[in-house]
Protein chains: 2
Amino acid sequence: MSDIPHRSSRPLRADAEQSIARILIAAEQVFAADPSATLEAVASAAGVARATVHRRFSSRDDLRDALVNTINTKLRDAIASANTDTAPPLVALYQLTVATLDLKVDWRASWQLIDLDATDQRGIDPSNISHLDALLQRSQDAGLLRPGIDIPWARGVYMALIHEASTIRSEDESASHWANRVMQTLLSGIGDNEHNLEALLAQPPTSD
Amino acid sequence: MSDIPHRSSRPLRADAEQSIARILIAAEQVFAADPSATLEAVASAAGVARATVHRRFSSRDDLRDALVNTINTKLRDAIASANTDTAPPLVALYQLTVATLDLKVDWRASWQLIDLDATDQRGIDPSNISHLDALLQRSQDAGLLRPGIDIPWARGVYMALIHEASTIRSEDESASHWANRVMQTLLSGIGDNEHNLEALLAQPPTSD
DNA sequence: ACTAACTGCAACACACATGTCGCAGTTAAG
DNA sequence: CTTAACTGCGACATGTGTGTTGCAGTTAGT
């Protein structure tokens with residue numbers, strides 16, 4: 001996939017495997033600061049020579065793909081450990097939110113790579129999307145989501161909220177706190193449930 | 001600001017002004033297809049020589065700034081014509097949503113330029129942000145927004161929803177339809193108001 | 001019509017990231 | 001210990017975007 005010598009031929013030597021890991025982590029950090037950073041910068045951050053980067057990842061795009069792949073793998077794990085298709089919808093959704101929130105802060109830059117081609121349908125693994133959709137559908141069937149809402153919109157809103165939360169969230173704040181906020185907003189919005197139309201349509205103090 | 005001859009010295013000739021407009025529009029369209037597109041591509045799309053682009057915008061970054069500036073100007077107009085500080089909060093918010101939704105589809109690429117440095121605080125004009133915040137605050141005072149919600153979060157959610165809607169929305173669909181959807185989701189979320197905890201925590205059909 | 005301004009064209013210098021290679025030294029694996 | 005594999009280093013070729021300049025031709029403004 002991402003690295004040049006085909007895995008099928010022979011397992012990589014231990015230090016080579018470590019180099020790959022170091023490069024990926026370094027790339028994440030460097031690209032977080034500057035998405036158009038040089039591979040030279042990535043190499044030095046990883047503590048390897050630039051040539052080594054090219055040995056492990058044939059091109060810049062190849063490295064990019066590897067980063068996206070990392071996200072999808074971690075996301076898959078998060079989905080799996082949230083038991084999205086066995087646990088009660090509400091708890092599964094909550095678990096997934098917490099995990100994704102953490103994933104977002106640790107791999108900001110790589111995630112941005114995904115968001116950019118979000119319109120292209122490329123980026124996020126379709127399998128991950130369908131798992132999420134299945135969970136949302138199950139949530140709707142269980143009465144958690146309003147019947148009229150269509151799943152793609154629900155998914156979009158959910159991911160948008162997570163994105164927003166991870167953007168605002170400072171690193172020392174707990175993920176669960178923000179997960180609560182996301183869930184609350186997702187399900188109930190930020191409006192007051194007992195709308196008082198008289199007040200809402202009243203003129204503001206300045207004009208009255 | 002954006003163009004090389006200082007405006008203060010003498011007004012630009014009519015065709016020069018037109019060139020600037022053509023270039024900005026072309027840049028928007030070209031960058032929408034490929035954010036890292038060449039200035040050559042922008043020039044040909046605008047029907048001018050590449051040198052002319054450099055005459056009007058000293059550097060690539062300068063062009064970028066001009067695009068961001070365009071957005072902020074149009075956003076300012078949208079805020080003004082929505083009467084964000086005189087109209088009832090609900091209608092002002094709705095008006096603003098419709099306008100922004102259209103702005104988002106016509107200037108996708110330029111808006112993305114803003115989103116990228118969203119973390120840097122640069123990008124969106126602080127003045128526009130404070131006007132929006134004021135509207136949200138007024139909405140909260142009027143009882144439209146739940147009392148506990150803090151404004152930055154409200155703003156973030158609002159903009160995230162608009163972004164999501166503009167991403168999904170196909171060009172032929174009406175802005176008002178999506179504005180309704182955004183407002184609905186913003187205020188009430190996508191959850192069922194009458195949560196049935198028994199059902200939500202029930203095991204899924206597969207395990208029962 | 002006259003003039004200043006703007007444009008197209010074409011060439012140039014420049015910087016810089018990218019990708020490739022070979023060699024010598026080091027490291028992990030059996 | 002022996003060997004195959006991996007690394008660092010340095011050099012090279014290459015492509016490509018960028019920004020600049022000069023000149024001749026065209027256009028808008030008065």
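So that the names make sense, note that chain A is the first sequence line, chain B the second, and so on, each numbered from 1.
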### Task
Would you mind reading off the bend of the helix from C:dA1-D:dT30 to C:dG30-D:dC1 from its two end axes, five pairs each, to 10 degrees?
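Result, rounded to 10 degrees: 50°.
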Margin query: For a quick check of understanding: with a heavy-atom distance under 4.0 Å over all strands, which category does B:Arg50 fall into, base, sugar-phosphate or nothing?
Written below: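 Base: the residue B:Arg50, judged by heavy atoms under 4.0 Å, touches a nucleobase.
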- Would you please name every residue forming a salt bridge (charged side-chain N to carboxylate O under 4.0 Å, His left out) with B:Asp15, sequence neighbours left out?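 Salt bridge (charged side-chain N to carboxylate O under 4.0 Å, His left out) list for B:Asp15, sorted by chain: B:Arg13.
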Query - B:Gln95: partners by side-chain contact (heavy atoms from CB on, under 4.5 Å), with sequence neighbours left out - result: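 side-chain contact (heavy atoms from CB on, under 4.5 Å) list for B:Gln95, sorted by chain: B:Ala82.
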Discussion item. Does anything in residues 37-48 of chain B come within less than 4.0 Å of DNA chain D? Heavy atoms only, and list the residues if so.
Written reply: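 The answer is B:Thr38, B:Leu39.
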Applied to residues 150-178 of chain A, the ring pair (Phe, Tyr, Trp, His ring centres under 6.0 Å) test, sequence neighbours excluded, yields A:Trp153-B:Trp178, A:Trp178-B:Trp153
Salt bridge (Lys or Arg N to Asp or Glu O under 4.0 Å) pairs touching residues 156-174 of chain B, sequence neighbours excluded, are B:Asp102-B:Arg169
Side-chain donor or acceptor of B:Arg76 paired with backbone N/O of B:Ser127 under 3.5 Å
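Judged by distance alone, no pair lies under 3.5 Å.
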Donor-acceptor pairs under 3.5 Å, side chain of residues 34-48 of chain B to any protein atom, not counting sequence neighbours: which ones?
| from | atom 1 | to | atom 2 | distance (Å) |
| --- | --- | --- | --- | --- |
| B:Asp34 | OD1 | B:Ser36 | N | 3.1 |
| B:Asp34 | OD1 | B:Ser36 | OG | 3.1 |
| B:Ser44 | OG | B:Ala41 | O | 3.2 |

For DNA chain C, the residues among residues 21-29 of chain A that have a non-hydrogen atom under 4.0 Å from it: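 Output list: empty, so none.
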Checklist entry - Excluding sequence neighbours, so at least two apart, what forms salt bridge (charged side-chain N to carboxylate O under 4.0 Å, His left out) with B:Arg155? => result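 B:Arg155: salt bridge (charged side-chain N to carboxylate O under 4.0 Å, His left out) contacts with B:Asp133.
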* Could you pull out all residues at least two apart from A:Thr70 that satisfy side-chain hydrogen bond (donor to acceptor under 3.5 Å, both in side chains)? =>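 Once residues adjacent in sequence are excluded, A:Thr70 has no partner under the side-chain hydrogen bond (donor to acceptor under 3.5 Å, both in side chains) criterion.
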In 5'-to-3' order, the base (B), backbone-only (S) or no-contact (-) status of each nucleotide in nucleotides 25-30 of chain C, using a 4.0 angstrom heavy-atom cut-off, is --BSS-
Run the salt bridge (charged side-chain N to carboxylate O under 4.0 Å, His left out) test against B:Arg181 and tell me which residues pass, sequence neighbours left out.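 Partners of B:Arg181 by the salt bridge (charged side-chain N to carboxylate O under 4.0 Å, His left out) criterion, ordered by chain and then number, come out as A:Asp150.
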Exercise. With distance as the sole criterion, do the side chain of A:Arg55 and the base of C:dG19 form a donor-acceptor contact below 3.5 Å?
Worked result: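 No pair found.
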Legend entry - Phosphate OP1/OP2 of C:dG8 contacted by B:Thr52 side-chain N/O (<4.0 Å):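 Yes, because at least one side-chain N or O of B:Thr52 sits under 4.0 Å from OP1 or OP2 of C:dG8.
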Against the side chain of B:Ala51, the closest entry in D:dT21, C:dC6, D:dG10 is D:dT21
